[in-house]
Amino acid sequence: MNDLLEKIVVFTGAGVSAESGLQTFRDSGGLWHQHSVYDVATPEAFARNPGLVLDFYNERRRGAAEAEPNDAHTAIAALEDGFDVTVVTQNVDDLHERGGSSRVIHLHGKLREARSSDNLGDIRDIGDADIKLGDLCSRGSQLRPNIVWFGEEVQQVDNALHIIREASRLLVVGTSLSVFPAAGFLGEARNAREKIIVSLDLDSPPRDFQWRQGKATELVPVLVAQWLASVPA
Ligand code: OAD
């Protein structure tokens, strides 16, 4: 962290990884059009049919492992040449990290981590490996993905809110802003004098935001170049 640099938050959703080949959730053909949230993304679903839920996330993990960061991820990382940048993401893939971003807060967890189903704090790296039925934590409980399911608490909330409140610019990329509390965090960016959202589609852009409609890989590199050019030499 460099205290002399302007603080920026880049807040992202599934749309930033769409052009890396990962499906979004709510676009036509998106994951929540193919799977019921209630079957694969709730604690109750895991209690009822853990195998189905594990399969769903094993497939997501394999997809993410095969995907490569795209030009939007690498442009976001390049912002670090002129700014103190924190990426706050709803995504569970690691494409920001592999694209070069050094500080990434995952609000909804990480595919490459498993955790005990009875101990929130018992988290381990699993890399690209599947989680299978019968894979147990040290206390003998089934392992589950370290993913925030519907009805569970978002991770790193205080950290994310603190950083969003301090940001002087906010760039939002590829999210429908339909999942709370994450979407509501943007209302906390009271010190941001520039707020831009890049998205293919939106029901209504949030108040105070400029909406740049289009693909992340096309629009984000242009915006990043403009912001870097605005940094005093
Ligand atoms: P959504 O699927 O709800 O929204 C994706 C957004 O990205 C939409 O607004 C699209 O228009 C936009 N989009 C798609 N392709 C794009 C592209 N190439 N360039 C720019 N924008 C593009 O995904 P999220 O908002 O991320 O949570 O969804 C939020 C949360 O809902 C996820 O983290 C997940 C899901 O349920 C959990 O599973 C806990």
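It should be emphasised that the depicted structure is a prediction, and the values quoted were computed from it without experimental measurement. These numbers come from the heavy atoms of this one structure, side chains and all, not from hydrogens, waters or symmetry mates. Both ligands and their constituent atoms are indexed starting at 1 by order of listing.
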Please list, chain by chain and in numerical order, all residues satisfying side-chain hydrogen bond (donor to acceptor under 3.5 Å, both in side chains) with Thr217, sequence neighbours excluded. Glu19

If you measure from OG1 on Thr86 to CZ on Phe11, what distance do you get to the nearest 0.5 Å? 13.0 Å

Of all residues at least two apart in sequence or in a different chain, which pass the side-chain hydrogen bond (donor to acceptor under 3.5 Å, both in side chains) check with Asp128? Arg112

Nearest 0.5 Å, please: how far is CG in Asp27 from CG in Leu200? 7.0 Å

Who passes ring-ring contact (aromatic ring centres under 6.0 Å, His included) against Trp211, sequence neighbours left out? none

Atom NE2 of His35 and atom CD of Gln23: how far apart are they, to the nearest 0.5 Å? 7.0 Å

Distances for all N or O pairs of ligand 1 and the protein under 3.5 Å?
from	atom 1	to	atom 2	distance (Å)
ligand 1	2 (O)	Phe25	N	2.7
ligand 1	2 (O)	Arg26	N	2.8
ligand 1	3 (O)	Arg26	NH1	2.7
ligand 1	3 (O)	Ser176	OG	2.5
ligand 1	4 (O)	Ser176	N	3.3
ligand 1	7 (O)	Gly174	O	3.3
ligand 1	9 (O)	Ser199	OG	3.2
ligand 1	9 (O)	Asp201	O	3.0
ligand 1	11 (O)	Asp201	N	3.1
ligand 1	11 (O)	Asp201	O	3.3
ligand 1	18 (N)	Glu19	OE2	2.8
ligand 1	19 (N)	Ala216	N	2.9
ligand 1	21 (N)	Leu200	N	3.2
ligand 1	25 (O)	Thr175	OG1	2.6
ligand 1	25 (O)	Ser176	N	2.9
ligand 1	25 (O)	Ser176	OG	3.4
ligand 1	26 (O)	Ala14	N	2.8
ligand 1	27 (O)	His108	ND1	3.4
ligand 1	28 (O)	Arg26	NH1	3.1
ligand 1	31 (O)	Arg26	NH1	3.0
ligand 1	31 (O)	Arg26	NH2	3.2
ligand 1	33 (O)	Gln90	O	3.1
ligand 1	33 (O)	His108	ND1	2.8
ligand 1	36 (O)	Arg26	NH2	3.4
ligand 1	36 (O)	Trp32	NE1	2.8

